[in-house]
There are 2 protein chains.
Amino acid sequence: MAATDQLSAVFSALADPTRRAILAELADRDATVTELAAPLPISMPAVSRHLKVLEGAALISRRRLGKWRASRLEAAPLRDAADWIERYRRFWDSSLTRLDAHLAAVQAAGRETEGMAQDPSVPDNKVLDKEL
Amino acid sequence: MAATDQLSAVFSALADPTRRAILAELADRDATVTELAAPLPISMPAVSRHLKVLEGAALISRRRLGKWRASRLEAAPLRDAADWIERYRRFWDSSLTRLDAHLAAVQAAGRETEGMAQDPSVPDNKVLDKEL
DNA sequence: CCTTCACTTAACCAATACGTTAAATGTAAT
DNA sequence: ATTACATTTAACGTATTGGTTAAGTGAAGG
């Protein structure tokens, strides 16, 4: 996806298994393009472009080392992605705090009623740009 | 992206701001397609297909309610995504455990040496399919 | 220098993504 | 039955993605 916004760029980058494999590799150590390409079943130019995508999402940084170019993991954008997802933790986490348990119960109760708003034909939707 | 695997499908689904907005809406309450489409600047068919993508990633479930179709948030796949990202927490989190602090220090030390493997022209890469 | 090595860019291709409008489907209501 | 409403599917256009091979570019090394 064209990086419309930062978070989209990060999720988009993570959507590709090859790129996730590259990040996993970089978690162990910085690496050159050739090193990263070695275990992958694709050509070097393909790897080069995956790296460009990761760089575009700010998930890696790169520097020249003589003949080589080293890639380094930059995890800050992963924090943003994690933060976004965290908002939904209460929907799956079973080890809830007392307050969260209450809120989850309310949520569940609301769901048990089996209806959303009584009359969905009269939607009272607020424009919800709480987050993207 | 075509759902090559579950995790890719989830990250791919999250890569679109419209779909993230839909999930945010569903965090508050179940909703019909019309309700979800109301605040969005796109046509109903477009929303319908975003919902199909979310359903394909198992991020929502749907049921018929008479004339309407209600969408419900299903957060389990978000847990998987969060779990994947969590592995990288030590790279950004400043509140480290004692062990993590040690590991991070080792990591940092390795980076200070400014070189990856002494001679990158002789890469000793293991095929790292530790994870996708 | 001139070659070699590491990598990127260019040009191309097939498949997918995301939007549109128009037509089809299914349920409800008259 | 007929009409209306909610939603999906079809058909279409354009942009992006992810891969390829072939042709640059830049630094090292003989």
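Note that the structure is predicted; figures quoted are calculated from it, not measured. By convention in this document, chain letters (A, B, ...) are assigned in the order of the sequence lines, proteins followed by strands, and residues within each chain are numbered from 1.
Counting only heavy atoms from C-beta outward, the side chains of Arg69(B) and Leu51(B) never approach each other to under 4.5 Å. Contact of the Leu26(A) side chain with the Tyr88(B) side chain is not registered, since no non-hydrogen atoms from C-beta on lie closer than 4.5 Å. Side-chain contact between Leu7(B) and Leu14(A) is absent, with no heavy atoms from C-beta onward closer than 4.5 Å.
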Using atom names, set out every protein N or O paired with an N or O of nucleotides 19-28 of chain C below 3.5 Å, distance rounded to 0.1 Å.
from    : atom 1 : to       : atom 2 : distance (Å)
dG19(C) : OP2    : His50(B) : NE2    : 2.4
dG19(C) : N7     : Arg49(B) : NH2    : 2.5
dG19(C) : O6     : Arg49(B) : NH1    : 3.2
dG19(C) : O6     : Arg49(B) : NH2    : 3.3
dT20(C) : OP1    : Ser43(B) : N      : 3.4
dT20(C) : OP2    : Ser43(B) : N      : 3.0
dT20(C) : OP2    : Ser43(B) : OG     : 2.6

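Atom P of nucleotide dA6(D) and atom CG of Leu36(B) are separated by 14 Å, given to the nearest angstrom. Rounded to an integer number of Å, the gap from Arg63(A) CZ to dC7(C) C1' is 16 Å. Rounded to an integer number of Å, the gap from Leu54(B) CG to dC18(C) P is 10 Å. Per the geometry, CH2 belonging to Trp68(A) stands 17 Å off C1' belonging to dT25(D), to the nearest Å. Rounded to whole Å, the distance from CD on Glu55(A) to C1' on dT9(C) is 15 Å. The distance from atom CZ of Arg62(A) to atom P of dA6(C) is 16 Å, rounded to the nearest whole Å.
Note that CG of Asp83(A) and CH2 of Trp92(B) are 7.5 Å apart. Values are rounded to the nearest 0.5 Å. To the nearest 0.5 angstrom, Arg87(A) atom CZ is 12.0 Å from Leu78(B) atom CG.
In terms of phosphate contacts, Lys52(B) brings no side-chain nitrogen or oxygen within less than 4.0 Å of OP1 or OP2 of dT7(D). The side chain of Arg19(A) places an N or O atom within less than 4.0 Å of a non-bridging phosphate oxygen (OP1 or OP2) of dG18(D).
Under 4.0 Å is where a charged nitrogen must lie from a carboxylate oxygen, and between Glu55(B) and Lys52(B) no such pair does.
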